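One structure is given below, encoded as C-alpha coordinates.
Since this is a predicted model, take the numbers as computed values, not measurements. Start at 1 and go down the list; that is how both ligands and their atoms are numbered.
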Amino acid sequence: MHLPLERGPISRHVIDALGRAHEEIGRVVIGSARVTEDPDAQLALWILYELHYRGFDDVTTDREWDLGLLDLRRTLEQRFEHELRDALRPSLAGVSVGGDVGDQVEQLIAADDGPSLAAFLHRHASREQILDFLRERSVQQLKESDPHSFVLPRLSGAAKVALAELQYDEYGGGRPERLHATLYANALRAAGLDDTYGAYVDDVSALSLAGANVMSFFGLHRRLRGAAMGHLAAFEATSSVPSRRIAAGIERVGLPDAVAAYFHEHVEADAVHEQVALHDICGNLVAEDPSLRDDVLFGAASCLHLAALSGAELLDRWSTDLEVAS
Ligand SMILES: [Fe+2]
Ligand SMILES: [Fe+2]
(Lines give C-alpha, C1' and ligand atoms only; values in the text may rest on other atoms or scores of the structure.)
(Ligands and ions follow the chains in the order given, each with its own letter.)
Protein backbone atom coordinates (compact mmCIF):
# COMPACT_ATOMS: atom_id res chain seq x y z
CA MET A 1 0.00 0.00 0.00
CA HIS A 2 1.18 3.52 -0.80
CA LEU A 3 1.23 6.12 1.93
CA PRO A 4 -1.98 8.18 1.85
CA LEU A 5 -2.11 11.86 0.93
CA GLU A 6 -1.68 14.25 3.84
CA ARG A 7 -4.72 16.01 5.30
CA GLY A 8 -2.97 18.61 7.46
CA PRO A 9 0.13 19.21 9.59
CA ILE A 10 -0.08 16.07 11.75
CA SER A 11 -0.53 13.58 8.93
CA ARG A 12 2.06 15.50 6.87
CA HIS A 13 4.52 15.13 9.72
CA VAL A 14 3.89 11.36 9.93
CA ILE A 15 4.16 10.86 6.16
CA ASP A 16 7.35 12.96 5.99
CA ALA A 17 8.82 11.13 8.98
CA LEU A 18 8.18 7.74 7.37
CA GLY A 19 10.06 8.91 4.32
CA ARG A 20 13.21 9.74 6.34
CA ALA A 21 15.61 8.01 8.71
CA HIS A 22 14.25 7.91 12.26
CA GLU A 23 17.01 10.08 13.68
CA GLU A 24 15.59 13.00 11.74
CA ILE A 25 12.08 13.07 13.18
CA GLY A 26 11.18 16.44 14.55
CA ARG A 27 8.14 17.37 16.59
CA VAL A 28 4.71 18.41 15.45
CA VAL A 29 2.44 20.72 17.36
CA ILE A 30 -0.98 19.19 17.86
CA GLY A 31 -3.44 22.05 18.11
CA SER A 32 -6.32 22.28 20.53
CA ALA A 33 -8.97 20.96 18.11
CA ARG A 34 -10.76 17.73 18.97
CA VAL A 35 -9.17 14.68 17.38
CA THR A 36 -12.33 12.52 17.11
CA GLU A 37 -13.72 14.41 14.11
CA ASP A 38 -10.41 15.75 12.81
CA PRO A 39 -9.44 14.17 9.45
CA ASP A 40 -5.80 15.14 9.91
CA ALA A 41 -5.42 13.58 13.38
CA GLN A 42 -7.42 10.46 12.48
CA LEU A 43 -5.44 9.90 9.28
CA ALA A 44 -2.20 10.27 11.26
CA LEU A 45 -3.45 7.65 13.73
CA TRP A 46 -4.60 5.34 10.93
CA ILE A 47 -1.14 5.48 9.33
CA LEU A 48 0.60 4.92 12.67
CA TYR A 49 -1.62 1.90 13.42
CA GLU A 50 -1.14 0.52 9.94
CA LEU A 51 2.56 0.05 10.75
CA HIS A 52 1.34 -2.78 13.04
CA TYR A 53 -0.79 -4.42 10.33
CA ARG A 54 0.37 -4.49 6.70
CA GLY A 55 2.71 -1.48 6.57
CA PHE A 56 3.46 0.65 3.50
CA ASP A 57 5.54 0.27 0.35
CA ASP A 58 8.99 1.82 0.80
CA VAL A 59 8.66 2.14 4.60
CA THR A 60 10.98 -0.22 6.47
CA THR A 61 9.36 -2.60 8.94
CA ASP A 62 11.43 -1.33 11.87
CA ARG A 63 9.49 1.94 11.83
CA GLU A 64 6.74 0.06 13.69
CA TRP A 65 8.77 0.58 16.87
CA ASP A 66 10.12 4.07 16.15
CA LEU A 67 10.04 5.87 19.51
CA GLY A 68 9.28 9.28 17.99
CA LEU A 69 6.27 7.90 16.10
CA LEU A 70 5.08 5.93 19.13
CA ASP A 71 5.32 9.09 21.22
CA LEU A 72 3.13 10.97 18.74
CA ARG A 73 0.68 8.05 18.65
CA ARG A 74 0.44 8.12 22.44
CA THR A 75 -0.32 11.86 22.44
CA LEU A 76 -3.10 11.42 19.87
CA GLU A 77 -4.48 8.38 21.72
CA GLN A 78 -4.59 10.26 25.02
CA ARG A 79 -6.64 13.00 23.38
CA PHE A 80 -8.92 10.48 21.67
CA GLU A 81 -9.51 8.54 24.88
CA HIS A 82 -10.14 11.71 26.89
CA GLU A 83 -12.73 12.89 24.35
CA LEU A 84 -14.47 9.51 24.34
CA ARG A 85 -14.57 9.21 28.13
CA ASP A 86 -15.89 12.74 28.37
CA ALA A 87 -18.63 12.17 25.79
CA LEU A 88 -19.69 8.82 27.26
CA ARG A 89 -19.96 9.80 30.93
CA PRO A 90 -23.73 10.47 30.75
CA SER A 91 -24.66 7.23 28.96
CA LEU A 92 -22.40 5.14 31.24
CA ALA A 93 -23.96 6.76 34.33
CA GLY A 94 -27.37 5.47 33.19
CA VAL A 95 -26.34 1.79 33.31
CA SER A 96 -27.64 -0.15 36.32
CA VAL A 97 -24.98 -1.09 38.85
CA GLY A 98 -23.84 -4.72 39.12
CA GLY A 99 -25.37 -7.82 37.58
CA ASP A 100 -24.30 -9.45 34.37
CA VAL A 101 -21.97 -7.30 32.25
CA GLY A 102 -23.54 -8.68 29.05
CA ASP A 103 -26.91 -7.41 30.25
CA GLN A 104 -25.34 -4.03 30.99
CA VAL A 105 -23.98 -3.81 27.43
CA GLU A 106 -27.49 -4.63 26.19
CA GLN A 107 -28.82 -1.74 28.30
CA LEU A 108 -26.40 0.61 26.54
CA ILE A 109 -27.57 -0.70 23.17
CA ALA A 110 -31.24 -0.29 24.14
CA ALA A 111 -30.59 3.32 25.24
CA ASP A 112 -28.67 4.18 22.06
CA ASP A 113 -30.61 6.78 20.12
CA GLY A 114 -28.24 7.10 17.16
CA PRO A 115 -29.83 7.41 13.70
CA SER A 116 -30.59 4.18 11.83
CA LEU A 117 -28.24 4.11 8.89
CA ALA A 118 -29.40 0.57 8.08
CA ALA A 119 -33.04 1.70 7.84
CA PHE A 120 -32.07 4.38 5.31
CA LEU A 121 -29.91 1.98 3.31
CA HIS A 122 -32.77 -0.53 3.35
CA ARG A 123 -35.56 1.74 2.14
CA HIS A 124 -34.22 4.91 0.57
CA ALA A 125 -30.53 4.94 -0.36
CA SER A 126 -29.62 5.29 -4.03
CA ARG A 127 -27.11 2.98 -5.66
CA GLU A 128 -24.47 5.74 -5.39
CA GLN A 129 -25.15 6.18 -1.67
CA ILE A 130 -24.78 2.44 -1.07
CA LEU A 131 -21.46 2.52 -2.94
CA ASP A 132 -20.46 5.48 -0.77
CA PHE A 133 -21.30 3.44 2.34
CA LEU A 134 -19.24 0.47 1.09
CA ARG A 135 -16.25 2.74 0.42
CA GLU A 136 -16.47 4.39 3.85
CA ARG A 137 -16.60 1.04 5.65
CA SER A 138 -13.71 -0.44 3.64
CA VAL A 139 -11.01 1.03 5.89
CA GLN A 140 -12.40 -1.09 8.70
CA GLN A 141 -13.84 -4.16 6.98
CA LEU A 142 -10.80 -5.02 4.86
CA LYS A 143 -9.01 -5.75 8.12
CA GLU A 144 -12.13 -7.10 9.78
CA SER A 145 -11.41 -8.84 13.10
CA ASP A 146 -7.66 -8.18 12.96
CA PRO A 147 -7.69 -5.58 15.78
CA HIS A 148 -9.31 -8.09 18.14
CA SER A 149 -6.66 -10.71 17.42
CA PHE A 150 -4.15 -8.51 19.29
CA VAL A 151 -6.19 -9.19 22.44
CA LEU A 152 -5.99 -13.01 22.40
CA PRO A 153 -2.65 -13.35 24.22
CA ARG A 154 -3.92 -10.94 26.87
CA LEU A 155 -6.83 -13.15 27.90
CA SER A 156 -6.94 -16.49 29.63
CA GLY A 157 -9.36 -19.32 30.35
CA ALA A 158 -12.96 -19.27 29.12
CA ALA A 159 -12.85 -15.72 27.70
CA LYS A 160 -9.79 -16.60 25.58
CA VAL A 161 -11.42 -19.79 24.29
CA ALA A 162 -14.59 -17.87 23.36
CA LEU A 163 -12.65 -15.13 21.54
CA ALA A 164 -10.66 -17.78 19.64
CA GLU A 165 -13.93 -19.46 18.64
CA LEU A 166 -15.41 -16.18 17.41
CA GLN A 167 -12.25 -15.23 15.52
CA TYR A 168 -12.08 -18.68 13.88
CA ASP A 169 -15.50 -17.93 12.42
CA GLU A 170 -14.52 -14.39 11.33
CA TYR A 171 -11.41 -15.85 9.71
CA GLY A 172 -13.43 -18.24 7.56
CA GLY A 173 -13.70 -21.36 9.74
CA GLY A 174 -10.75 -23.00 7.99
CA ARG A 175 -11.78 -21.88 4.48
CA PRO A 176 -9.76 -18.98 3.04
CA GLU A 177 -12.57 -18.05 0.65
CA ARG A 178 -14.90 -17.52 3.66
CA LEU A 179 -12.58 -15.05 5.44
CA HIS A 180 -14.90 -12.15 6.24
CA ALA A 181 -12.41 -9.56 5.02
CA THR A 182 -12.28 -11.48 1.73
CA LEU A 183 -16.09 -11.52 1.54
CA TYR A 184 -15.97 -7.73 1.92
CA ALA A 185 -13.34 -7.46 -0.82
CA ASN A 186 -15.60 -9.61 -3.03
CA ALA A 187 -18.49 -7.25 -2.29
CA LEU A 188 -16.42 -4.20 -3.27
CA ARG A 189 -15.27 -5.84 -6.50
CA ALA A 190 -18.78 -6.99 -7.43
CA ALA A 191 -20.01 -3.43 -6.86
CA GLY A 192 -17.40 -2.14 -9.33
CA LEU A 193 -15.25 -0.66 -6.56
CA ASP A 194 -11.56 -1.12 -5.81
CA ASP A 195 -10.99 -4.03 -3.40
CA THR A 196 -7.32 -3.20 -2.78
CA TYR A 197 -6.46 -2.89 0.89
CA GLY A 198 -6.40 0.82 1.76
CA ALA A 199 -7.70 1.93 -1.66
CA TYR A 200 -10.14 4.47 -0.20
CA VAL A 201 -8.13 5.88 2.72
CA ASP A 202 -7.76 9.19 0.87
CA ASP A 203 -11.52 9.44 0.35
CA VAL A 204 -13.15 8.39 3.63
CA SER A 205 -14.24 10.71 6.42
CA ALA A 206 -12.53 11.31 9.74
CA LEU A 207 -15.29 9.38 11.50
CA SER A 208 -14.83 6.32 9.30
CA LEU A 209 -11.14 6.41 10.17
CA ALA A 210 -12.04 6.92 13.85
CA GLY A 211 -14.32 3.86 13.75
CA ALA A 212 -11.39 1.75 12.54
CA ASN A 213 -8.83 3.48 14.77
CA VAL A 214 -10.70 2.95 18.02
CA MET A 215 -10.47 -0.81 17.51
CA SER A 216 -6.73 -0.64 16.90
CA PHE A 217 -6.32 1.64 19.92
CA PHE A 218 -8.15 -0.73 22.26
CA GLY A 219 -6.61 -3.83 20.68
CA LEU A 220 -3.02 -2.65 20.95
CA HIS A 221 -3.16 -1.67 24.64
CA ARG A 222 -3.27 -4.46 27.20
CA ARG A 223 -4.62 -1.87 29.65
CA LEU A 224 -7.69 -1.55 27.42
CA ARG A 225 -8.38 -5.26 26.78
CA GLY A 226 -11.74 -4.88 28.55
CA ALA A 227 -12.65 -1.96 26.27
CA ALA A 228 -11.62 -3.98 23.21
CA MET A 229 -13.94 -6.82 24.19
CA GLY A 230 -16.78 -4.45 25.12
CA HIS A 231 -16.43 -2.80 21.72
CA LEU A 232 -16.53 -6.22 20.06
CA ALA A 233 -19.69 -7.17 22.00
CA ALA A 234 -21.52 -3.97 21.03
CA PHE A 235 -20.37 -4.32 17.42
CA GLU A 236 -21.58 -7.92 17.12
CA ALA A 237 -24.82 -7.21 18.98
CA THR A 238 -25.75 -4.38 16.60
CA SER A 239 -24.88 -6.21 13.39
CA SER A 240 -27.36 -9.01 12.67
CA VAL A 241 -30.60 -7.05 12.13
CA PRO A 242 -28.88 -4.08 10.38
CA SER A 243 -27.05 -6.54 8.09
CA ARG A 244 -30.40 -7.97 6.99
CA ARG A 245 -31.67 -4.48 6.19
CA ILE A 246 -28.52 -3.45 4.33
CA ALA A 247 -28.62 -6.65 2.24
CA ALA A 248 -32.24 -5.85 1.33
CA GLY A 249 -31.24 -2.31 0.32
CA ILE A 250 -28.41 -3.63 -1.85
CA GLU A 251 -30.86 -5.99 -3.58
CA ARG A 252 -33.40 -3.17 -3.98
CA VAL A 253 -30.96 -1.08 -6.06
CA GLY A 254 -29.99 -4.11 -8.16
CA LEU A 255 -26.35 -4.58 -7.17
CA PRO A 256 -24.95 -8.11 -7.79
CA ASP A 257 -25.57 -10.92 -5.27
CA ALA A 258 -21.92 -10.96 -4.17
CA VAL A 259 -22.41 -7.47 -2.70
CA ALA A 260 -25.33 -8.53 -0.53
CA ALA A 261 -23.63 -11.87 0.30
CA TYR A 262 -21.28 -10.20 2.80
CA PHE A 263 -24.26 -8.81 4.71
CA HIS A 264 -26.31 -12.02 4.46
CA GLU A 265 -23.36 -13.86 6.01
CA HIS A 266 -23.53 -11.51 8.99
CA VAL A 267 -27.26 -11.94 9.64
CA GLU A 268 -26.81 -15.44 11.05
CA ALA A 269 -23.15 -15.30 12.05
CA ASP A 270 -23.54 -12.20 14.19
CA ALA A 271 -26.70 -13.45 15.88
CA VAL A 272 -24.39 -16.17 17.27
CA HIS A 273 -21.37 -13.89 17.75
CA GLU A 274 -23.53 -11.52 19.77
CA GLN A 275 -24.15 -14.17 22.42
CA VAL A 276 -20.54 -15.36 22.39
CA ALA A 277 -19.18 -11.82 22.74
CA LEU A 278 -21.66 -10.59 25.36
CA HIS A 279 -21.65 -13.58 27.65
CA ASP A 280 -18.82 -16.00 26.86
CA ILE A 281 -16.18 -13.32 26.31
CA CYS A 282 -17.23 -10.26 28.33
CA GLY A 283 -19.10 -12.25 31.00
CA ASN A 284 -16.14 -14.55 31.65
CA LEU A 285 -13.62 -11.72 31.41
CA VAL A 286 -15.39 -9.73 34.13
CA ALA A 287 -16.04 -12.84 36.24
CA GLU A 288 -12.30 -13.46 36.22
CA ASP A 289 -11.32 -9.81 36.78
CA PRO A 290 -14.19 -7.60 38.04
CA SER A 291 -12.00 -4.48 37.70
CA LEU A 292 -12.46 -4.75 33.90
CA ARG A 293 -16.23 -4.18 34.04
CA ASP A 294 -16.07 -0.40 33.61
CA ASP A 295 -13.77 -0.68 30.62
CA VAL A 296 -15.98 -3.30 28.97
CA LEU A 297 -18.84 -0.80 29.22
CA PHE A 298 -16.61 2.06 28.05
CA GLY A 299 -15.60 0.03 24.99
CA ALA A 300 -19.20 -0.87 24.18
CA ALA A 301 -20.33 2.73 24.57
CA SER A 302 -17.44 3.92 22.38
CA CYS A 303 -18.57 1.58 19.60
CA LEU A 304 -22.15 2.86 19.76
CA HIS A 305 -21.08 6.52 20.02
CA LEU A 306 -18.76 6.44 17.01
CA ALA A 307 -21.29 4.45 14.96
CA ALA A 308 -23.95 7.07 15.79
CA LEU A 309 -21.65 9.96 14.79
CA SER A 310 -20.67 8.22 11.57
CA GLY A 311 -24.28 7.31 10.75
CA ALA A 312 -25.40 10.91 11.32
CA GLU A 313 -22.56 12.19 9.14
CA LEU A 314 -23.47 9.92 6.21
CA LEU A 315 -27.19 10.67 6.46
CA ASP A 316 -26.38 14.36 6.55
CA ARG A 317 -24.11 14.05 3.50
CA TRP A 318 -26.80 12.15 1.60
CA SER A 319 -29.55 14.58 2.53
CA THR A 320 -27.40 17.33 1.02
CA ASP A 321 -27.16 15.15 -2.13
CA LEU A 322 -30.96 15.05 -2.23
CA GLU A 323 -31.23 18.84 -1.84
CA VAL A 324 -28.70 19.39 -4.62
CA ALA A 325 -30.55 16.90 -6.86
CA SER A 326 -34.00 18.39 -6.26
FE1 LIG B 1 -17.59 -10.72 10.29
FE1 LIG C 1 -19.16 -11.25 13.70
Side-chain angles (χ1 to χ4, degrees), residues 53-54 102 105-106 108-109 112 117-118 121 133-152 155 159-191 193 195 197 208 211-216 218-219 225 227-250 257-285 296 299-300 302-304 306-307 310:
Y53 293 96
R54 321 279 176 97
V105 171
E106 286 184 316
L108 284 168
I109 294 168
D112 179 37
L117 189 63
L121 292 167
F133 167 77
L134 294 172
R135 277 191 294 266
E136 292 286 339
R137 288 291 178 274
S138 66
V139 285
Q140 156 175 332
Q141 299 316 132
L142 288 176
K143 61 179 175 196
E144 181 170 338
S145 304
D146 288 344
H148 301 118
S149 292
F150 288 124
V151 184
L152 267 171
L155 304 185
K160 186 188 195 94
V161 171
L163 177 59
E165 178 193 334
L166 192 151
Q167 293 294 85
Y168 182 70
D169 220 16
E170 299 284 354
Y171 286 144
R175 296 162 61 195
E177 72 278 11
R178 302 302 299 167
L179 197 67
H180 285 192
T182 299
L183 295 181
Y184 199 83
N186 293 345
L188 290 172
R189 213 169 40 251
L193 298 172
D195 65 341
Y197 187 85
S208 290
N213 286 339
V214 77
M215 288 192 262
S216 300
F218 292 162
R225 63 198 181 284
M229 295 298 94
H231 184 289
L232 173 64
F235 193 89
E236 298 290 345
T238 54
S239 169
S240 178
V241 174
S243 290
R244 186 191 302 278
R245 305 197 77 169
I246 295 166
I250 288 167
D257 291 348
V259 186
Y262 171 86
F263 296 93
H264 282 306
E265 169 74 21
H266 285 80
V267 175
E268 281 188 30
D270 286 348
V272 177
H273 294 171
E274 169 180 352
Q275 297 306 315
V276 173
L278 284 171
H279 303 292
D280 301 338
I281 299 176
C282 293
N284 283 314
L285 188 64
V296 168
S302 297
C303 174
L304 300 170
L306 291 171
S310 168

Practice prompt. Run the salt-bridge test on Lys160 and Asp280 with the 4.0 Å N-O cut-off and return the result as yes or no.
Written response: no
Item to complete: Confirm or rule out an N/O/S atom of Asp169, from backbone or side chain, lying less than 2.8 Å from the Fe ion (ligand 2).
Response: no
Response to the item:
For OD1 in Asp270 and ND1 in His273, the angle at the Fe ion (ligand 2) (nearest 10°) is 80°
Worksheet item: What is the name of the N/O/S atom in Glu144 that sits closest to the Fe ion (ligand 1)?
Response: OE2
Item to complete: Rounded to the nearest 10 degrees, what's the angle OE2 of Glu170 makes with OE1 of Glu236 at the Fe ion (ligand 2)? Could you check?
Response: 130°
Fill in: the Fe ion (ligand 1) to His180: nearest N/O/S atom name
ND1
Fill in: Any Phe263 side-chain heavy atom under 4.5 Å of Leu183 side chain
no
Worksheet item: Of all N/O/S atoms in His266, which lies nearest to the Fe ion (ligand 1)?
Response: NE2
Discussion item. Would you say that Thr182 contacts Glu177 through its side chain, given a criterion of any heavy-atom pair below 4.5 Å between the two side chains?
Written reply: no
Item to complete: Evaluate the ring planes of His266 and Tyr262, with Trp represented by its six-membered ring, and classify them as parallel (under 30°), tilted (30 to 60°) or perpendicular (over 60°).
Response: tilted
Fill in: Tyr184 and His180 aromatic centres sub-6.0 Å
no
